[in-house]
**Q** 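Would you mind keeping the following structure in view while I ask a few things?
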Protein chains: 2
Amino acid sequence: MGCWLNRLREKYQRHCDSVDRSSPRNKAEKILQREQELLQLAHQLVDEVGLNNLTMEKLVAVSPYSKGTIYNHFCCKEDLLAALGVHSMGLCSELMLKAQSFAGNSREQALAVHYAYHLYGLLEPALYMCVLNCKTPSVQEKASKQRLEQLEKVDKQIAQLCDSFFQKGLEDGSLRIAQQDIAYVSFANWACSFGTNLLLQNAAESFAISRLTETNRVLFNINLMFDGMGWQPVSTDYDYQQSWQKIELHFADYVAMLN
Amino acid sequence: MGCWLNRLREKYQRHCDSVDRSSPRNKAEKILQREQELLQLAHQLVDEVGLNNLTMEKLVAVSPYSKGTIYNHFCCKEDLLAALGVHSMGLCSELMLKAQSFAGNSREQALAVHYAYHLYGLLEPALYMCVLNCKTPSVQEKASKQRLEQLEKVDKQIAQLCDSFFQKGLEDGSLRIAQQDIAYVSFANWACSFGTNLLLQNAAESFAISRLTETNRVLFNINLMFDGMGWQPVSTDYDYQQSWQKIELHFADYVAMLN
DNA sequence: ACCTGAACACCGTTCAAGT
DNA sequence: ACCTGAACACCGTTCAAGT
């Protein structure tokens with residue numbers, strides 16, 4: 001066995017001492033607590049070595065538990081990835097929820113959700129990719145049933161949260177679409193935001209992106225989308241660049257984490 | 001050594017006999033020819049086992065060459081993935097090029113590019129994901145320099161091809177944007193199409209998508225985007241669903257491959 | 001009941017020996 | 001010069017033995 005395992009282990013030794021192991025009320029809670037501990041470790045590990053280099057072996061090495069115990073929590077590597085996906089989407093929806101309290105018109109609030117999503121991608125690039133990973137056949141086939149149900153649940157929560165912003169626009173009259181089109185418009189938005197963030201993060205050096213100046217490319221794309229559905233006020237009548245800056249302030253606590 | 005390797009090997013035996021090994025003019029050509037052969041095998045393999053289950057071991061097993069020889073072509077697994085990415089983007093641009101010959105106004109031609117891209121995702125789901133994979137840090141760090149240059153080259157070709165459709169719109173006056181905005185609009189389009197296809201392919205069972213009826217969701221999203229940039233005629237004045245069907249006929253040869 | 005780690009199949013990569 | 005496959009480190013998963 002190489003010495004790299006020992007190096008990893010030492011590095012995470014601090015963690016072992018600092019973790020909160022406060023009074024689990026019963027056996028089930030103890031297990032849940034340990035699972036959270038393992039997920040936190042997996043999260044650190046992924047940030048450090050990248051999603052592709054996350055291995056069960058490494059998680060075992062940095063945790064104080066044995067292989068068998070890890071496999072009691074996660075039935076396979078894909079199950080661990082799915083669990084990380086659930087964790088990731090939880091953090092993401094936490095950020096998105098904060099958009100609700102932004103003081104602005106409904107289109108600006110919807111913009112704030114996109115900001116939250118973008119910020120999330122910047123704060124947690126590996127976890128952002130992890131969510132996509134969870135959709136791949138290998139994860140869908142191998143992860144445990146419960147885990148997939150959890151994934152589906154957060155997935156639905158986030159979708160409904162996103163819908164609610166279009167609902168607001170519909171209610172205040174700034175967005176004139178049919179009620180049943182909300183689902184379509186909401187999907188279009190997700191797709192646009194998802195694609196934009198994914199490409200900006202992963203293909204920044206590609207010709208199509210590197211040639212763009214530092215113009216706010218996320219805002220540009222979202223504006224096209226919102227203008228396309230005729231959401232008032234349209235971008236030629238309103239300074240959304242300024243809204244973006246206000247939104248940035250609204251999320252200042254999180255932006256600070258970017259260093 | 002398990003017997004699965006032998007099963008794989010037998011399965012691909014036919015290939016070994018049918019491959020074109022016609023008269024390489026010199027050593028360099030022989031090597032190039034073998035590389036194409038290996039890529040074709042890797043392509044088949046990926047279609048069969050999925051991108052995540054492609055291994056060097058399997059490629060060795062299904063090919064008539066040894067590990068050492070495979071490693072003479074691809075310096076590491078990531079280099080193989082990058083080579084598959086180049087292969088993939090070549091096929092993709094082949095489809096996109098065909099959009100140029102679609103008889104329609106400039107917005108319809110641009111729509112045909114989106115159709116080509118979508119069709120490509122349906123025809124080659126694994127290769128579609130492969131291109132994204134090539135952008136990940138692990139591939140960018142480990143693939144050979146030449147391979148990354150090849151990737152960059154096709155990447156640029158495709159970007160310029162996409163730009164040309166907006167250029168046409170600008171020239172015939174249907175699209176009123178500044179010349180220097182083409183790059184931005186082109187990126188927005190790529191991002192939207194990319195996100196839409198990726199999600200439709202990978203997250204079809206997620207709540208946000210499964211609730212949508214069989215409406216043409218790709219067309220819906222692209223229309224929002226094109227309307228957002230004010231590309232004439234806008235979707236409320238024109239039957240783009242009909243255009244879509246015409247485009248489908250234009251690509252009939254490829255559509256047939258979907259079975 | 002739950003935990004442990006040895007054991008095994010598979011995978012990525014290298015390189016001494018062969019042609 | 002190019003090819004081969006044995007060898008090795010690492011990884012995913014299981015399960016007999018221990019508590």
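It should be emphasised that the depicted structure is a prediction, and the values quoted were computed from it without experimental measurement. In what follows, chains carry the letters A, B, and so on, assigned in the order in which the sequence lines appear, proteins first and then strands, with residues in each chain numbered from 1.
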**Q** When rounded to the nearest 0.5 angstrom, what is the spacing between OH in A:Tyr117 and CG in A:Leu122?
**A**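 A:Tyr117 atom OH to A:Leu122 atom CG measures 12.0 Å (nearest 0.5 Å).
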
**Q** Please identify each residue that fulfils side chain to side chain donor-acceptor pair (under 3.5 Å) with A:Asn53, with sequence neighbours left out.
**A**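 Here no residue qualifies.
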
**Q** Please check if the side chain of A:Asn202 supplies one atom and the backbone of B:Thr136 the other of a donor-acceptor pair under 3.5 Å.
**A**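 Flag not set: sc A:Asn202 to bb B:Thr136 has no pair under 3.5 Å.
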
**Q** Below 4.0 angstrom, N of the basic side chain to O of the carboxylate: do B:Glu78 and B:Arg147 qualify?
**A**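 No, B:Glu78 and B:Arg147 are not salt-bridged.
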
**Q** Cation-pi between A:Arg217 and B:Phe187: NZ/CZ under 6.0 Å from ring centre and within 45° of the ring axis?
**A**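 Here A:Arg217 fails the 6.0 Å and 45° test against B:Phe187.
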
**Q** Could you identify which residues of residues 66-73 of chain B place a heavy atom less than 4.0 Å from some atom of DNA chain D, listed by residue number, or say none?
**A**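 Here the set is B:Ser66, B:Lys67, B:Gly68, B:Thr69, B:Asn72.
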
**Q** Between A:Ser138 and B:Asn52, which heavy-atom pair has the shortest distance, and what is it?
**A**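 Looks like OG-ND2, 3.0 Å.
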
**Q** Can a side chain N or O of B:Lys77 be found less than 4.0 Å away from OP1 or OP2 on C:dT13?
**A**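 For C:dT13, neither OP1 nor OP2 has a side-chain N or O of B:Lys77 closer than 4.0 Å.
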
**Q** Whole angstroms only, please: what is the CG-C1' distance between A:Leu54 and D:dG12?
**A**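 After rounding, the reported distance stands at 12 Å.
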
**Q** Whole-Å distance between D:dC10 P and A:Asn52 CG?
**A**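 These atoms are roughly 18 Å apart.
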
**Q** Using a 3.5 Å distance criterion without hydrogens, assess whether the side chain of A:Asp155 forms a donor-acceptor pair with backbone atoms of A:Leu151.
**A**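 Checked: no pair found.
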
**Q** Treating A:Ser93 as the side-chain partner and A:Met96 as the backbone partner, does any N or O pair qualify as donor plus acceptor under 3.5 Å?
**A**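 Such a contact is absent between A:Ser93 side chain and A:Met96 backbone.
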
**Q** Identify the stems formed by DNA chain C, where each pair is Watson-Crick or G-U wobble with both distances under 3.5 angstrom and a stem is at least 3 consecutive pairs.
**A**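 Expected stems, ordered by start: C:4-8 with D:12-16, C:12-16 with D:4-8.
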
**Q** Examine D:dC3: is either OP1 or OP2 under 4.0 Å from a nitrogen or oxygen in the side chain of B:Arg34? Give yes or no.
**A**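 True: B:Arg34 side-chain N/O within range (under 4.0 Å) of D:dC3 OP1/OP2.
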
